[in-house]
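What follows is one structure encoded as structure tokens, with my remarks underneath.
The shown structure was predicted, so the numbers you read here are calculated from the model rather than taken from an experiment. Residue numbers begin at 1 in each chain, while the letters A, B, ... track the order of the sequences.
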Protein chains: 2
Amino acid sequence: MARQRATAAYRQLRQLIVSSRLPPGARLIETDLARRFGFSRTPVRAALRVLAREGYVLAVDGGERIRLVVAPLSVEDARELFQIVGAIEGLAARAAATLPLRKRRRLAAELRGFDQALLAAAAQNPSDSEEIFDLFTRFHLRYVETAAGPRLRALHDSIKPQAERYRRLYSMAPEGRIAASVAEHEMIITAIEDGSGDDASSAVAANWQNAAERLAASIATQPNPFSLPPITT
Amino acid sequence: MARQRATAAYRQLRQLIVSSRLPPGARLIETDLARRFGFSRTPVRAALRVLAREGYVLAVDGGERIRLVVAPLSVEDARELFQIVGAIEGLAARAAATLPLRKRRRLAAELRGFDQALLAAAAQNPSDSEEIFDLFTRFHLRYVETAAGPRLRALHDSIKPQAERYRRLYSMAPEGRIAASVAEHEMIITAIEDGSGDDASSAVAANWQNAAERLAASIATQPNPFSLPPITT
DNA sequence: ATCGTCGAGTTTGTATACAATTATTCCGTT
DNA sequence: AACGGAATAATTGTATACAAACTCGACGAT
């Protein structure tokens, strides 16, 4: 019997949710998911429990039994979530600013590399929104992995993909937005390079706050844009 | 068959860990725990998975199989953990500072009530360290519950008890320390009352940073003070 | 004596059976 | 036709059985 199906189920389920192939609000039936994965209910249950604790899945009702649904998306939730991500990555950036000078310099160079790639990708026509998305992710991941401790990394790994649910749905791709983001990134990079933890932290928080605003504006203009066909069962 | 044993197992296990009756580093055997609780392995497993994700339990090794142990305590971990708690509660305090004036006033009054109770409890001889601990907890819980959104509350509920593992072990009770804490609390309260989110947030972060320092000093003088008899099985 | 290998015991991962509760359908009554 | 209620199905929670992998010790070969 293959081991670690629970982990596989966790990853697959999380991916299905983040990619919105399991759309917000969809009911999650253990038996159906188990059939889909070819597993038994046991590993699926374990995965669902964890996803519920992390916020991907919501336990509604509260009678004797629990009903699990894919956590719905809302502007208010996005604001709260982005603020939390900003605080977490802000701590990582603060830690990055206390690294030895040599490492800070190298980190700053790497980060600037991502930003240049971002500008280049945005200049493409048509722009590859998948690549842009990926570059944003890696920019933030770089300094978190470099400077954050184990707890902070675990927390980041838990929460960050939930923000990606939003970013994937409402592709905030117009070029001006990317330029604005890159400008904000530069403030983060400079603060880290200068060893100013407070500035780095608040620059990251501001970046996410602005991202939330851009997202809210995007939602207002194009509500509910499910791009992938949902799984109907 | 009684439902929701998994939740009961989660709570009991978390309590055993926080109270250090399951000491740091202790191996967690599903069968033993199941016997102890009178449950089967199934709900115990579910509880352990969640506790592992939250950080109470550490999955060591990483072979094909997983070994779970109670997460060890260390000064570095405490620093990181307290910093995270500070950031989370900092967001809550920031939100509290944006409440309508009337609510801010009432919240501030309640918080000052906790602080006065703290000073009174500290003046007692002998001081009731259990009550002091409880008052600290409730002080912070109050503004989180009042102002934080659902996500932030869930995150707080996940992480905060882990800080309490440390605070319970190294009772940071000397009176001067309490006075210092109360002084820091007053800065938090004033900032909330004044509607200054930035000040409130950084005051909370500073409070936890200082708490980490006090804790580190306490650990240095009285290392490894397990006050309760560990469970041997 | 040291190292490796084989094997019994332990522990975890998964599947499945069963129990209990909630949702749904279908029928009868008014 | 609408409503209520009983029967039925669906779904979750728990227990248990079994399989695979790891641990640790004993024994033997070099």
Along DNA chain C (nearest heavy atom to each residue), the more 5'-positioned of A:Ser40 and B:Arg27: B:Arg27
Nearest listed nucleotide, side chain of A:Pro43, among D:dT12, C:dA15, C:dG13: C:dA15
d(CZ, A:Phe39; P, C:dA15) in whole Å: 8 Å
Pair A:Arg94-A:Val204, side-chain contact (heavy atoms from CB on, under 4.5 Å): steps then yes or no: CA-CA 9 Å; A:Arg94 179 185 297 276; A:Val204 169; over 6 Å; no
Spacing of A:Gln4 atom CD relative to D:dC22 atom P, expressed in whole Å: 11 Å
Parallel, tilted or perpendicular, as decided by the 30° and 60° cut-offs, for the rings of A:Phe139 and A:His185: parallel
Rounded distance in Å - CD1 (B:Ile66) to P (D:dT23): 13 Å
Residues that B:Asp115 engages under salt bridge (charged side-chain N to carboxylate O under 4.0 Å, His left out), provided they are two or more places apart: none
Whole-Å gap separating P (C:dG9) and CD1 (B:Ile29): 18 Å
Side-chain touch A:Arg167/A:Thr137, heavy atoms, less than 4.5 angstrom: yes
5'-most by nearest nucleotide on DNA chain D - A:Leu68 or A:Thr42: A:Leu68
Sugar-phosphate only, base, or nothing, as touched by A:Leu28 at under 4.0 Å among non-hydrogen atoms: sugar-phosphate
Touch class at under 4.0 angstrom, heavy-atom based, for A:Ala46 against every strand present: nothing
Spacing between A:Arg35 atom CZ and C:dA15 atom P, to the nearest angstrom: 14 Å
Pairing of A:Arg36 and A:Asp32 as salt bridge, 4.0 angstrom limit: no
Euclidean distance, atom CD of residue B:Glu30 to atom C1' of D:dC18 [Å, nearest integer]: 15 Å
Atom-to-atom span, CG of B:Leu33 to P of C:dT10 - whole angstrom: 17 Å
Phosphate OP1/OP2 of C:dG13: any B:Arg45 side-chain N/O under 4.0 Å: yes
Value in whole Å for how far the C1' atom of D:dT16 lies from CZ of A:Arg41: 14 Å
Below 4.0 Å: OP1/OP2 of C:dA23 and any side-chain N or O of A:Arg67: yes
